[in-house]
Amino acid sequence: TGGAAATTTAMTAQASAGTPIVGQTAATPAVKPASAEETQAYDAAVNLVLKDKNFTKAIPAFEAFVQKYPQSGYVPNAHYWLGQLLYNQGDKDNAKANFLIVAQKFKDSPKRADALLKLGMITLSDGDKEKANKFFQLVIKQYPDTPSAQLAQKALNAK
């Protein structure tokens with residue numbers, strides 16, 4: 001599955017752009033600026049992935065980060081990373097749960113389009129083509145002219 005590996009690499013590269021998200025939905029409490037300790041904790045978790053390639057240690061690092069800093073602007077990115085890492089380990093259910101958090105709770109997150117795309121891919125791999133296509137169509141409608149929309153269109157065209 002060279003395509004899946006390429007997608008994972010592309011997603012990892014995109015996810016490394018760890019910009020805190022300021023404008024979140026009303027369902028999400030207001031986000032205060034990241035403290036140095038918070039930024040350090042997030043960066044340490046990201047470095048476990050990007051520098052050390054230690055994916056097993058990265059998962060609990062991101063889980064601990066979300067627990068300790070629930071108001072952080074990095075939370076959507078942390079959930080996206082968790083989704084990606086868990087998916088890579090074959091834990092599709094928990095991956096899906098983390099991607100859903102990004103998609104549903106962080107509508108202003110730059111990771112939302114990628115999370116929706118991943119939800120479509122997981123749903124497709126579970127055999128629910130109709131529901132997967134709804135995720136793909138949502139990406140195309142809400143995020144036109146993005147790499148995520150292009151990948152969603154390819155997935156829709158692959159009949």
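In this chain, residues are counted from 1 in sequence order.
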From [X] [atom1] over to [Y] [atom2], what is the distance, rounded to the nearest 0.5 angstrom?
X    : Y    : atom1 : atom2 : answer
N133 : D128 : CG    : CG    : 9.0 Å
N54  : N47  : CG    : CG    : 12.0 Å
H79  : I101 : NE2   : CD1   : 4.0 Å
D43  : L48  : CG    : CG    : 11.0 Å
K134 : L156 : NZ    : CG    : 13.0 Å
K154 : Q150 : NZ    : CD    : 7.0 Å

Would you mind telling me which of I59, D91, N94 makes a side-chain contact (heavy atoms from CB on, under 4.5 Å) with L85?
I59
Got a donor-acceptor contact below 3.5 angstrom from the K53 side chain to the L50 backbone?
yes
Would the distance check show the side chain of S72 and the main-chain N or O of Y69 forming a donor-acceptor pair, the cut-off being under 3.5 Å?
no
Kindly indicate whether the side chain of [X], heavy atoms from C-beta on, has any atom under 4.5 Å from the side chain of [Y].
X    : Y    : value
W81  : K111 : no
D126 : K96  : yes
V139 : Q153 : no
Y80  : R112 : no
N77  : V46  : no

With no hydrogens and no angle check, just 3.5 Å: does a side-chain donor-acceptor pair link N88 and Q84?
yes
Side-chain donor-acceptor contact under 3.5 Å, S148 with D114:
yes
Where [X] and [Y] come nearest, the two heavy atoms and their spacing:
X    : Y    : value
S125 : K92  : OG-NZ, 3.2 Å
F136 : L117 : CE2-O, 3.7 Å
G120 : A132 : O-CB, 3.3 Å
N98  : G83  : CB-N, 3.7 Å
G73  : P76  : O-CD, 3.4 Å
A95  : Y87  : CB-N, 3.5 Å

With a sphere of 6.0 Å drawn around CD of Q89, does it hold more than 12 non-hydrogen atoms of other residues, nucleotides or ligands?
yes
Test salt bridge (Lys or Arg N to Asp or Glu O under 4.0 Å) applied to E130 - qualifying residues, sequence neighbours left out:
none
Can you say whether the rings of F62 and Y42 are parallel (under 30°), tilted (30 to 60°) or perpendicular (over 60°)?
perpendicular
